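Heads up: the structure comes next, in structure tokens.
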Amino acid sequence: MAIKSQADFFSGVMFMAVGATFAVGSTNYTIGDGARMGPGYFPLMLGVLLALIGAVISLQSMVVETADGGRIGRWAWKPLAFVLGANLAFGVLLGGLPSIGLPAMGLIIAIFALTIIASMAGNQFKLRDSLILAVVLAVGSYLAFIVALKLQIQVWPTFISG
């Protein structure tokens with residue numbers, strides 16, 4: 001069989017690789033069963049599901065014809081850098097970096113930084129739209145994680161919440 005859509009084929013392969021990695025990694029934990037799920041049950045099922053979706057996408061890429069052959073384009077370095085940088089900033093701001101003396105900034109500031117930095121990955125960045133999205137995400141996260149689930153996550157910077 002010939003590959004009729006390169007982009008779909010390699011996307012499917014990527015899904016299968018990530019799914020297989022999660023499935024294999026989950027075996028380091030107790031799996032359990034459907035009635036008594038262990039900590040490895042969800043990553044195993046998620047990994048298997050992701051690998052199956054990848055297989056379907058890869059097989060479909062050999063059957064469905066695309067106009068341009070589904071060629072893989074150039075690497076999109078700008079979006080890749082901004083999305084990875086946004087996630088790194090979120091982690092650093094949420095927990096702080098004691099090795100360089102950066103205190104934890106809390107959930108709200110971390111979400112604002114994540115949203116604004118990740119929004120810069122697109123071609124049409126508008127600060128107003130990013131701030132609106134950040135407010136919605138921050139309020140939703142606060143209500144879900146702090147109010148509803150009662151998780152002990154620092155909400156504000158340490159120098160504010162004292």
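From a predicted model like this one, the values you see are computed outputs, not experimental measurements. Worth knowing before you read on, the calculation uses all heavy atoms, side chains too, and leaves out hydrogens, waters and symmetry mates. When a residue number appears, it is its place in the shown sequence, counting from 1.
- Counting only distance, with no hydrogens or angles, the side chain of Thr27 and the backbone of Val24 share a donor-acceptor pair below 3.5 Å.
- The backbone N or O of Gly95 lies less than 3.5 Å from no partner atom in the side chain of Gln154, so there is not a single donor-acceptor pair.
- The CG atom of Leu114 sits 13.5 Å away from atom CD1 of Ile109, with the distance rounded to the nearest 0.5 Å.
- Scanning for side chain to side chain donor-acceptor pair (under 3.5 Å) contacts around Ser119 gives Ser130, with sequence neighbours left out.
- If you take CD1 on Ile132 and OG1 on Thr115, they are separated by 12.5 Å, rounding to the nearest 0.5 Å.
- Side-chain heavy atoms closer than 4.5 Å link hydrophobic residues (I, L, V, M, F, W, Y) into clusters, and following such links, even through other members, never connects Val48 to Val18.
- Heavy atoms of other residues, nucleotides or ligands lying less than 6.0 angstrom from CZ of Phe15 number 12 at most.
- Between Pro79 and Ala76, the shortest heavy-atom contact is CD-O, 3.4 Å.
- Note: the hydrophobic cluster containing Leu137 also contains Ile117 (ILVMFWY, side chain heavy atoms under 4.5 Å, direct or indirect links).
- Leu93 contributes atom CG, which lies 12.5 Å from atom CD1 of Ile108 (distance to the nearest 0.5 angstrom).
- Annotation: Phe22, atom CZ; neighbour count of heavy atoms from other residues, nucleotides and ligands within 6.0 Å does not exceed 12.
- Separation of atoms OG1 (Thr21) and CG (Leu50) is listed at 9.5 Å; rounding is to 0.5 Å.
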Kindly list each side-chain donor-acceptor pair under 3.5 angstrom involving residues 52-64, sequence neighbours excluded, with atom names and distances?
unit_1	atom_1	unit_2	atom_2	d
Ser58	OG	Phe9	O	3.2
Ser58	OG	Val13	N	3.3
Ser58	OG	Gly54	O	3.2
Ser61	OG	Ser58	O	2.5

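- When hydrophobic clusters are built by joining Ile, Leu, Val, Met, Phe, Trp and Tyr residues whose side-chain heavy atoms come closer than 4.5 Å, directly or via intermediates, Phe145 is grouped together with Val139.
- Placement of Leu84 and Leu97 in two distinct hydrophobic clusters is found when ILVMFWY residues are connected by side-chain heavy-atom separations under 4.5 Å, directly or transitively.
- With rounding to the nearest 0.5 angstrom, the OH atom of Tyr41 is 7.5 Å from the CG atom of Asp33.
- Linking ILVMFWY residues whenever their side-chain heavy atoms come closer than 4.5 Å, directly or via other members, leaves Val147 and Val136 in distinct clusters.
- Taking 4.5 Å as the limit, some side-chain heavy atom of Ile153 sits within range of a side-chain heavy atom of Leu94.
- Formation of a donor-acceptor pair under 3.5 Å by the Asn87 side chain with backbone atoms of Val83 is found in this model.
- Taking all atoms of both residues into account, the shortest heavy-atom contact from Ser26 to Ala23 is OG-O, 2.7 Å.
- Of the inter-residue distances, the one linking Leu107 atom CG with Leu151 atom CG reads 10.0 Å to the nearest 0.5 angstrom.
- Within 6.0 Å of CZ on Phe42 lie no more than 12 heavy atoms contributed by other residues, nucleotides or ligands.
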